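Reading through the structure tokens given below for one structure.
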Amino acid sequence: MRSLLRLLILALLCINTAAAQSPSVTVSGNQLLVDGAPHAIKGICYHPVPKGAVARSFERSEGDLALMRAAGVNTLRVYAPIADVAVLDQIHATGMKVIIGFGYNQNGRYDIQSGTFLEYVERLKDHAAILMWELGNEYNYHPEWFEGDVRRWYRAMNTAAAEIHRRDPAHPVSTAHGELPDALALQSSPNIDVWGVNLYRWDHPAEVFQQWLQLSS
């Protein structure tokens, strides 16, 4: 009986250890793979600000996550890092993944300009909820943030992606670009693994896939 109990405890420990391990996330051709299996993103941008408030709060995240999971969502995209590990644990417990976004200038709070985004990467790169890292959100529409020259952003983005790759080879680095990237964006950013594209084409966006094939392999 004691031997059986020891075996059960060992089995539970093995299960818990496996659940806590960060999955392998890779890009192969035009597919995103999680532990070797294709991961088709069914996602939603999640930035919960309570009514009447101005700051993000995850106080109601448990109910939000349950609704999203019931709707078939498997991936969340957040505009700024989630510092509370308990929230990441909640996301992982639902079976969902999260794309962690880093801004350029967030007053030194896990941002690219200060370099503090790398502290976050180092601390949470092994969390099982992380799908990939994302740099910026359609910054190509805002060259005024970079002294009127969007190339400054592309250089900063590409350098930031390289720094993440050095510290975390297990997760891809993406960006959220406004519309399809042009030749300047693509040539300036070889360290970006996945291009996210924010489209404002109303209800006829499907042609973007063929257009993308003409831009990138």
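What you are looking at is a predicted structure, and each value in this text was computed from that prediction instead of being measured.
- Sequence neighbours left out, the pairs with a member in residues 51-63 that pass side chain to side chain donor-acceptor pair (under 3.5 Å) are Ser61-Gln90.
- Put simply, CD1 on Ile82 and CD1 on Ile100 are 4.5 Å apart, with the number rounded to the nearest 0.5 Å.
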(Q) Run the salt bridge (Lys or Arg N to Asp or Glu O under 4.0 Å) test on Glu119 and Arg123 for me, step by step, so that the C-alpha distance in whole Å, both residues' side-chain angles and the decisive distance to 0.1 Å come before the verdict. (A) CA-CA 6 Å; Glu119 297 174 9; Arg123 184 164 66 93; over 6 Å; no
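- Asn105 contributes a side-chain N or O that, together with a main-chain N or O of Asn107, makes up a donor-acceptor pair within less than 3.5 Å.
- Within the 4.5 Å cutoff, the side chain of Leu186 has heavy atoms near those of the Trp195 side chain.
- More than 12 heavy atoms of other residues, nucleotides or ligands shown are found within 6.0 angstrom of CZ on Arg69.
- With sequence neighbours excluded, the residues forming a side chain to side chain contact (heavy atoms under 4.5 Å, CB included) with Ala53 are Val49, Pro50, listed by chain and number.
- Sorted by first and then second residue, the ring pair (Phe, Tyr, Trp, His ring centres under 6.0 Å) pairs with a member in residues 63-91 read His47-Tyr79; sequence neighbours excluded.
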Q: Report the C-alpha separation of Arg77 and Asn137 in whole Å, then their side-chain angles, then the decisive distance to 0.1 Å, and conclude whether the side chain to side chain contact (heavy atoms under 4.5 Å, CB included) test is met.
A: CA-CA 11 Å; Arg77 174 185 169 222; Asn137 183 45; 2.5 Å; yes
Name the atoms and distances for all side-chain donor-acceptor pairs under 3.5 Å in residues 169-180, with sequence neighbours left out.
from: His171; atom 1: ND1; to: Asp168; atom 2: OD1; distance (Å): 3.3
from: His171; atom 1: ND1; to: Asp168; atom 2: OD2; distance (Å): 2.8
from: His171; atom 1: NE2; to: Ser22; atom 2: OG; distance (Å): 3.3
from: His171; atom 1: NE2; to: Ile130; atom 2: O; distance (Å): 3.3
from: Ser174; atom 1: OG; to: Trp133; atom 2: O; distance (Å): 2.9
from: Thr175; atom 1: OG1; to: Leu135; atom 2: O; distance (Å): 2.7
from: His177; atom 1: NE2; to: Asn140; atom 2: ND2; distance (Å): 3.3
from: Glu179; atom 1: OE1; to: Arg201; atom 2: NH2; distance (Å): 2.9
from: Glu179; atom 1: OE2; to: Arg201; atom 2: NE; distance (Å): 2.7
from: Glu179; atom 1: OE2; to: Arg201; atom 2: NH2; distance (Å): 3.2

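- Residues Glu122 and Lys125 form a side-chain contact, since some pair of their non-hydrogen atoms from C-beta on lies under 4.5 Å apart.
- The 12-atom threshold is not exceeded at CD of Glu147, counting heavy atoms of other residues, nucleotides or ligands nearer than 6.0 Å.
- Side-chain contact between Thr75 and Val98: absent, with no pair of heavy atoms (C-beta onward) separated by less than 4.5 Å.
- With sequence neighbours excluded, the residues forming a side-chain hydrogen bond (donor to acceptor under 3.5 Å, both in side chains) with Asp89 are His127, listed by chain and number.
- The CG atom of Asn74 lies 11.5 Å from the CD1 atom of Ile44; values are rounded to the nearest 0.5 Å.
- Under the side chain to side chain contact (heavy atoms under 4.5 Å, CB included) criterion, Gln210 pairs with Leu213, Gln214, sequence neighbours left out.
- Taking 4.5 Å as the limit, every side-chain heavy atom of Arg109 sits out of range of all side-chain heavy atoms of Tyr120.
- Within a 6.0 Å radius of CZ in Phe209, other residues, nucleotides and ligands contribute 12 heavy atoms or fewer.
- In this structure, Arg167 contributes its side chain and Glu163 its backbone to a donor-acceptor pair below 3.5 Å.
- Here the side chains of Leu65 and Met96 are in contact, with some heavy-atom distance below 4.5 Å.
- Taken to the nearest 0.5 Å, the NE2 atom of His142 stands 15.5 Å off from the OH atom of Tyr104.
- Residues satisfying the side-chain hydrogen bond (donor to acceptor under 3.5 Å, both in side chains) criterion with Ser114, sequence neighbours excluded, are Asp111, Thr116.
- The side chain to side chain contact (heavy atoms under 4.5 Å, CB included) search around Ser188 returns Tyr154, Leu184, not counting sequence neighbours.
- Across all their heavy atoms, Trp202 and Pro205 have their closest contact at O-CD, 4.3 Å.
- When the ring-ring contact (aromatic ring centres under 6.0 Å, His included) test is applied to Phe117, the partners found at least two apart in sequence or on another chain are Phe102.
- Scored by the ring-ring contact (aromatic ring centres under 6.0 Å, His included) test, His165 finds no partners at all (sequence neighbours excluded).
- Side-chain contact between Phe58 and Asp84 is absent, with no heavy atoms from C-beta onward closer than 4.5 Å.
- Hydrophobic clustering keeps Val197 apart from Tyr141 (ILVMFWY residues linked when any side-chain heavy atoms are closer than 4.5 Å, directly or through intermediates).
- Atom-to-atom distance recorded for Leu199:CG and His204:NE2 is 13.5 Å, nearest 0.5 angstrom.
- Between Trp153 and Ile112 there is a side-chain heavy-atom pair separated by less than 4.5 Å.
- A donor-acceptor pair under 3.5 Å is absent between the side-chain atoms of Asn191 and the main chain of Thr159, judged by distance alone.
- Arg155 meets the salt bridge (Lys or Arg N to Asp or Glu O under 4.0 Å) test with no other residue; sequence neighbours excluded.
- Between Leu33 and Ser28, the shortest heavy-atom contact is CD1-CB, 3.7 Å.
- The other residues sharing a hydrophobic cluster with Leu131 are Val25, Val27, Leu32, Val34, Ile41, Ile99, Met132, Val194, where clustering joins ILVMFWY side chains under 4.5 Å apart.
- Two rings, from Tyr139 and Trp145, have their centers less than 6.0 Å apart.
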